[in-house]
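Input: a single structure, listed below in structure tokens.
Only this structure's heavy atoms are used, side chains among them; waters, hydrogens and symmetry mates stay out. Residue numbers run from 1 in the order of the sequence given.
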Amino acid sequence: MKVGLFIPCYIDQFYPQVGIATLQLLEKLGCNVSFPLNQTCCGQPMANSGFAALSKNCDKNFVANFRGFDYIVGPSGSCVLHLKEHLHDEQHPGEAEHIRKHVYELTEFLVDILKIEKLNASFSHKVGLHNSCHGQRGLHLSSMSERMLPAFSKPQQLLSMVKGLELSLPVRSDECCGFGGTFCVFEEAVSVKMGKDRITEHSANKVEYITGGDVSCLMHLEGILKRNGSSVKTIHIAEILNSNA
């Protein structure tokens, strides 16, 4: 299985350890992983701000870098959802379509494609899980409380395979953290209040870490935690699934 590793901007610039953990995890699970060196932004920031037309060159570059792979995997639900819904290349429409149908968020790929049933991982800490909006409602990584359907969670399914990990869920387990991309810039007061509400619920459970599948959400929560002087840390789910701590 030939897998192209897609590492979004936030991870590349601020949290490279998440990209490394994703690579190591996929290789441990038997994937033949390549990291195209000329990859850049997927174009989501422009599209979310109403300038989707300006992301055409991002689309072309993405297709040029990731065509030919069986699957493309990225540790970010929001970026993967953007690609699934918006990636187009007028010069290579077939290749763009193949990528849209074969790009996966990490936990989605592990559960739905690799069908992982056990992991050689350990993380002896109490961990709170944050469900990011794009992953939950766009990629259907977990069930939504507003819909009367059977409960499920792909991230929880994987975390349950990690030795020593004690998982704790907040009362409102599918509420937004307030990051929302450019929302946190234009509506910073509302954004921070939403983040504080999330942290309050996790702190009530006395967690040591808050994990999730989107670095952007975790970065938002991390900033609030640090400003509050909290001992709670944030950690991407890839780091836990790749851990032997």
Side-chain angles (χ1 to χ4, degrees), residues 8 10-11 14-15 17-18 21 44-45 48 75-79 81 105-107 123-162 164-241 243 245:
Y10 278 116
I11 296 173
F14 301 117
Y15 300 90
Q17 72 275 12
V18 176
Q44 182 188 181
N48 286 355
S76 168
S78 62
C79 294
L81 180 63
E105 184 271 342
L106 177 62
T107 63
F123 193 74
S124 300
H125 299 281
K126 190 172 185 180
V127 178
L129 175 63
H130 173 68
N131 293 307
S132 295
C133 301
H134 284 85
Q136 183 172 41
R137 292 177 170 81
L139 296 176
H140 307 294
L141 301 182
S142 58
S143 53
M144 297 166 274
S145 61
E146 64 267 25
R147 300 190 66 186
M148 302 301 291
L149 297 172
F152 70 93
S153 172
K154 295 171 187 178
Q156 278 184 246
Q157 184 177 332
L158 293 166
L159 290 171
S160 70
M161 303 176 194
V162 179
L165 187 146
E166 182 183 351
L167 185 63
S168 178
L169 299 178
V171 175
R172 295 171 294 182
S173 62
D174 58 358
E175 187 165 308
C176 178
C177 70
F179 174 70
T182 53
F183 175 80
C184 71
V185 177
F186 298 121
E187 298 288 349
E188 70 276 12
V190 179
S191 172
V192 171
K193 178 60 168 66
M194 293 172 72
K196 286 182 176 180
D197 288 347
R198 295 292 82 230
I199 287 170
T200 297
E201 290 196 2
H202 284 292
S203 297
N205 290 335
K206 301 186 184 304
V207 300
E208 299 170 75
Y209 290 87
I210 299 173
T211 193
D214 272 86
V215 163
S216 52
C217 298
L218 295 175
M219 180 176 68
H220 177 60
L221 296 175
E222 180 184 40
I224 298 172
L225 288 166
K226 286 184 175 180
R227 286 177 176 80
N228 290 345
S230 174
S231 61
V232 179
K233 300 179 178 64
T234 59
I235 184 170
H236 192 276
I237 192 170
E239 297 175 89
I240 293 179
L241 301 180
S243 176

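The CD1 atom of I210 sits 10.0 Å away from the CG atom of L129 when rounded to the nearest 0.5 Å. In this structure, CG on L81 lies 8.0 Å from CD on Q44, to the nearest 0.5 angstrom. Taken to the nearest 0.5 Å, the CE atom of M219 stands 10.0 Å off from the OG1 atom of T234. Taking OG from S143 and CE from M148, the interatomic distance works out to 11.0 Å, rounded to the nearest 0.5 Å. Taking OH from Y15 and NE2 from H236, the interatomic distance works out to 11.5 Å, rounded to the nearest 0.5 Å. The distance from the CD1 atom of I224 to the CD1 atom of I199 is 4.5 Å, given to the nearest 0.5 Å.
Residues F123 and V162 come closest through the heavy atom pair N-CG1, 3.5 Å. Counting all heavy atoms, side chain and backbone alike, V18 lies closest to A238 at O-CB, 4.3 Å. Between E175 and R172, the shortest heavy-atom contact is OE1-CD, 3.1 Å. Considering all non-hydrogen atoms of both residues, V207 and V127 come closest at CG1-C, 4.0 Å. Closest of all the heavy-atom pairs between N131 and S142 is OD1-OG, 3.8 Å. Of all heavy-atom pairs between L221 and C177, the closest is CD2-CB, 4.0 Å.
Remark: D214 pairs with S76, S78 by the side-chain hydrogen bond (donor to acceptor under 3.5 Å, both in side chains) rule, at least two apart or across chains. Under the side-chain hydrogen bond (donor to acceptor under 3.5 Å, both in side chains) criterion, S168 pairs with N205, sequence neighbours left out. The side chain to side chain contact (heavy atoms under 4.5 Å, CB included) search around P170 returns S173, R198, E201, H202, not counting sequence neighbours. Scored by the salt bridge (charged side-chain N to carboxylate O under 4.0 Å, His left out) test, K193 finds D197 as partners (sequence neighbours excluded). With sequence neighbours excluded, the residues forming a side chain to side chain contact (heavy atoms under 4.5 Å, CB included) with C176 are C133, M194, listed by chain and number. Taking the side-chain hydrogen bond (donor to acceptor under 3.5 Å, both in side chains) definition, one finds that T107 meets it with E105, sequence neighbours left out. Not a single salt bridge (charged side-chain N to carboxylate O under 4.0 Å, His left out) links E188 to another residue, sequence neighbours left out. Qualifying side-chain hydrogen bond (donor to acceptor under 3.5 Å, both in side chains) partners for E208, counting only residues two or more places apart in sequence or in other chains: H125. For E166, the side chain to side chain contact (heavy atoms under 4.5 Å, CB included) partners at least two apart in sequence or on another chain are K126.
Each side-chain hydrogen bond (donor to acceptor under 3.5 Å, both in side chains) pair with one or both residues in residues 144-154, not counting sequence neighbours, appears once here: D112-K154, R137-E146, S145-D174. Pairs of residues two or more places apart, or lying in two chains, that qualify as salt bridge (Lys or Arg N to Asp or Glu O under 4.0 Å) and include a residue from residues 224-233 are E222-K226. Applying the ring pair (Phe, Tyr, Trp, His ring centres under 6.0 Å) test to every pair with at least one member in residues 212-231, sequence neighbours left out, gives no pairs at all.
Checking side-chain atoms of T211 against main-chain N and O of I237 turns up a donor-acceptor pair under 3.5 Å.
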